[in-house]
Amino acid sequence: MDWQEAMLMALHEASIAASTGDVPVGAVLLDRDGSVLAKNHNRREVNHDPTAHAELLVLKEAARRVGGWRIPGATLVVTLEPCAMCAGAVVLARIARLVIATMDPKAGAVESVYRLTVDARLNHQVEVVTGVLADDASTQLKAFFKERRNTN
């Protein structure tokens, strides 16, 4: 599966999150051969869990599937730039590549606010690719927040 296909899948996951009242973020984790290891979306509202971010959910599922906490060679495809918690988890899981649709100028920890995934002081750095279907992800997020402002 290529990154664009995986991002379309992540965008679909994000739409599921929005339908349950959660911020529309979706993630897909591909193994080194491009097969889907896990896919999920934000579930903070449904799970009543501040850590139920799409990225953490797919990392946990993939770790169960591979039988260990390291997931080398994997590519994480996500619709929004990860926060510090999720970027840290990406580094800890030894993810090889992170593909991001749109950036988060307020809380992004990959390029926008912090640069955790490429910090040479850490024991692992992650290749980062940005802008894959950025307009689609940005439109989805803007529509979600516009709707929330109009109903509150």
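All heavy atoms count here, side chains included; hydrogens, waters and symmetry mates do not.
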Please, which pairs that meet salt bridge (charged side-chain N to carboxylate O under 4.0 Å, His left out) have at least one residue in [range], sequence neighbours excluded?
range: residues 12-39; answer: Asp22-Arg44
range: residues 128-140; answer: none
range: residues 116-129; answer: Arg97-Glu127, Asp119-Arg121

Non-hydrogen side-chain atoms of Val126 and Val91 separated by less than 4.5 Å
yes

Does [X] share a hydrophobic cluster with [Y], counting links as ILVMFWY side-chain heavy atoms below 4.5 Å and allowing steps through other members?
X: Val46; Y: Leu57; result: no
X: Leu76; Y: Trp3; result: no
X: Val110; Y: Leu59; result: yes

Residues forming a side chain to side chain donor-acceptor pair (under 3.5 Å) with Glu5, sequence neighbours excluded:
none

Which atom of [X] lies closest to which atom of [Y], heavy atoms considered:
X: Met103; Y: Thr130; answer: SD-CG2, 3.7 Å
X: Pro105; Y: Val113; answer: O-CG2, 3.5 Å
X: Ala27; Y: Val58; answer: O-CG1, 3.5 Å
X: Ala63; Y: Ile71; answer: N-CD1, 4.0 Å
X: Leu98; Y: Thr117; answer: CD2-CG2, 4.2 Å
X: Ala134; Y: Ala101; answer: CB-O, 3.1 Å

Please round to the nearest 0.5 Å and tell me the distance separating atom [atom1] of [X] and atom [atom2] of [Y].
X: Leu80; Y: Leu141; atom1: CG; atom2: CG; answer: 5.5 Å
X: Leu116; Y: Cys83; atom1: CG; atom2: SG; answer: 9.5 Å
X: Leu133; Y: Ser138; atom1: CG; atom2: OG; answer: 12.0 Å

Could you list all the side chain to side chain donor-acceptor pair (under 3.5 Å) pairs where at least one residue sits in [range], not counting sequence neighbours?
range: residues 85-95; answer: none
range: residues 98-116; answer: Glu81-Ser112
range: residues 50-60; answer: Asp49-Thr51
range: residues 65-74; answer: none

Could you walk me through whether Ile95 and Leu29 pass the side-chain contact (heavy atoms from CB on, under 4.5 Å) check?
CA-CA 9 Å; Ile95 300 301; Leu29 190 65; 4.0 Å; yes

Pro82 and side-chain contact (heavy atoms from CB on, under 4.5 Å): which single residue from Ile100, Leu56, Val25 fits?
Ile100

Please check if the side chain of Asn42 supplies one atom and the backbone of Pro24 the other of a donor-acceptor pair under 3.5 Å.
no

Test item: Thr79 side-chain N/O and Leu11 main-chain N/O as donor-acceptor pair under 3.5 Å
no

Sequence neighbours left out, what passes side chain to side chain contact (heavy atoms under 4.5 Å, CB included) with [X]? Give chain and number order.
X: Val132; value: Met7, Val99, Val129
X: Leu92; value: none
X: Val36; value: Met1, Met9, Val28, Leu30

Checking Glu45 now: which residues fulfil salt bridge (Lys or Arg N to Asp or Glu O under 4.0 Å) with it, not counting sequence neighbours?
none

